[in-house]
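Notes to accompany the following structure.
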Amino acid sequence: MKLLAVCLGRPEKLPGKSFKTGIYKSAVNGAVMIDSLGLVGDAVCNRKHHGGEDQAILLEGSLTLDWWAAELGRDFSPGTFGENLTVGGLDNRDVAAGDRFHIGEVVLEASCARSPCNTLAVKMGDPKFLKTYTKAGRPGIYCRVIKPGMVSPGDPVRHEPYAGDRVMIAEMLAAVGKNLSGAERARFLAAPIGRRWRPMFET
């Protein structure tokens with residue numbers, strides 16, 4: 001695997017909206033620093049729902065983006081889904097909470113699924129896209145930063161699976177709103193999932 005794209009966003013207004021968003025991202029050519037809160041210089045406008053240590057980096061696999069391109073019949077430039085990093089040869093469905101990605105000196109740890117929001121639907125130009133995204137079962141992957149450092153397009157990437165019971169990122173999104181058993185809740189909570197997601201499985 002290798003890092004195909006590193007994408008940064010700046011605050012921009014959505015069409016017909018007054019608030020700004022950092023979802024509009026584009027690829028950069030040079031090296032970018034990743035610190036504990038993500039890519040230095042990347043815009044995070046709504047910190048109540050985005051960003052933070054458990055959602056520092058949004059990662060997409062190239063195989064998943066290829067699937068979306070075929071499914072929707074359109075090409076996707078890097079950053080279309082608001083992702084920070086695109087990893088070549090990765091399918092999002094193969095990632096579990098606690099999996100680690102080694103990119104040069106940087107170590108990232110998968111923490112939770114990207115939950116679709118109205119901002120994404122507006123950007124995609126489809127008011128029904130939230131349902132489409134959820135039904136697809138290929139959510140983007142939020143990561144926490146275990147070890148900061150510099151990343152550049154073309155860097156090799158090593159995917160290290162979590163050693164414990166693997167709760168898949170796609171499982172997390174699929175479980176939202178479901179009537180889970182006590183055992184199912186315990187399984188989710190035993191995994192190193194992000195703090196914003198933990199309350200969903202506690203009651």
Side-chain angles (χ1 to χ4, degrees), residues 1-9 22-23 25 28 31-62 64 79 81-88 90-117 120 138-153 155-176 185-202:
M1 292 180 179
K2 71 176 181 178
L3 189 59
L4 297 183
V6 179
C7 303
L8 295 176
I23 199 172
K25 301 190 189 301
V28 298
V32 180
M33 178 69 186
I34 291 181
D35 64 17
S36 62
L37 295 178
L39 288 174
V40 174
D42 184 48
V44 179
C45 298
N46 182 350
R47 294 190 177 274
K48 179 179 179 180
H49 300 292
H50 304 291
E53 292 186 352
D54 279 344
Q55 296 182 187
I57 295 288
L58 179 59
L59 184 151
E60 290 280 357
S62 68
T64 295
F81 281 90
E83 72 273 15
N84 299 116
L85 305 179
T86 305
V87 175
L90 178 69
D91 186 324
N92 293 10
R93 297 174 298 176
D94 294 334
V95 179
D99 283 12
R100 293 191 172 185
F101 294 92
H102 299 257
I103 310 171
E105 62 184 340
V106 172
V107 181
L108 306 177
E109 183 178 88
S111 61
C112 56
R114 189 260 185 85
S115 182
C117 60
L120 178 61
R138 293 167 164 83
I141 302 150
Y142 272 120
C143 298
R144 55 177 68 93
V145 179
I146 301 300
K147 185 178 180 183
M150 304 294 292
V151 294
S152 301
D155 284 348
V157 178
R158 179 168 64 88
H159 178 197
E160 176 189 358
Y162 180 58
D165 186 9
R166 286 168 56 77
V167 172
M168 310 308 289
I169 296 296
E171 278 187 88
M172 294 178 64
L173 184 59
V176 173
R185 292 183 186 279
R187 177 172 171 267
F188 276 91
L189 293 172
I193 64 176
R195 62 178 179 81
R196 287 190 180 101
W197 281 76
R198 299 191 72 82
M200 300 183 194
F201 308 120
E202 288 173 346

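Heads up: numbering here begins at 1 and tracks the sequence. The basis for the numbers below is simple: all heavy atoms, side chains too, and nothing from hydrogens, waters or symmetry mates.
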With a 4.5 Å limit on heavy-atom distance, are the side chains of [X] and [Y] in contact?
X	Y	value
Phe188	Arg198	no
Leu4	Val87	no
Lys25	Asn84	yes
Leu108	Lys147	no
Pro153	Leu3	no
Leu85	Ile103	yes

If every non-hydrogen atom of [X] is compared with every non-hydrogen atom of [Y], which pair is closest and at what distance?
X	Y	answer
Val145	Ala56	CG2-CB, 3.9 Å
Trp197	Ser115	CZ2-CB, 4.1 Å
Gly41	Leu8	C-CD2, 4.3 Å
Ile34	Pro148	O-CB, 3.0 Å
Val157	Lys2	CG2-C, 3.6 Å
Glu105	Met150	OE2-N, 3.1 Å

[X] [atom1] to [Y] [atom2] distance, which is reported to the nearest 0.5 Å:
X	Y	atom1	atom2	result
Asp94	Asp99	CG	CG	9.0 Å
Ile57	Phe101	CD1	CZ	12.0 Å
Arg144	Ser111	CZ	OG	4.5 Å
Thr64	Leu59	OG1	CG	9.5 Å
Glu109	His102	CD	NE2	9.5 Å
Phe81	Cys7	CZ	SG	12.5 Å

Do any side-chain atoms of residues 167-174 form donor-acceptor pairs under 3.5 angstrom with protein atoms, and if so which ones, sequence neighbours left out?
unit_1, atom_1, unit_2, atom_2, d
Glu171, OE1, Arg187, NH1, 3.0
Glu171, OE2, Met168, N, 2.9
Glu171, OE2, Arg187, NH2, 3.2

Whether Asp42 side chain and Leu39 backbone form a donor-acceptor pair below 3.5 Å: no
Tyr162: partners by ring pair (Phe, Tyr, Trp, His ring centres under 6.0 Å), with sequence neighbours left out: none
CA sep, side-chain torsions, deciding dist, call: Arg196, Asp54, salt bridge (Lys or Arg N to Asp or Glu O under 4.0 Å): CA-CA 8 Å; Arg196 287 190 180 101; Asp54 279 344; over 6 Å; no
Working for side-chain contact (heavy atoms from CB on, under 4.5 Å), residues His159 and Met1: CA-CA 8 Å; His159 178 197; Met1 292 180 179; 4.1 Å; yes
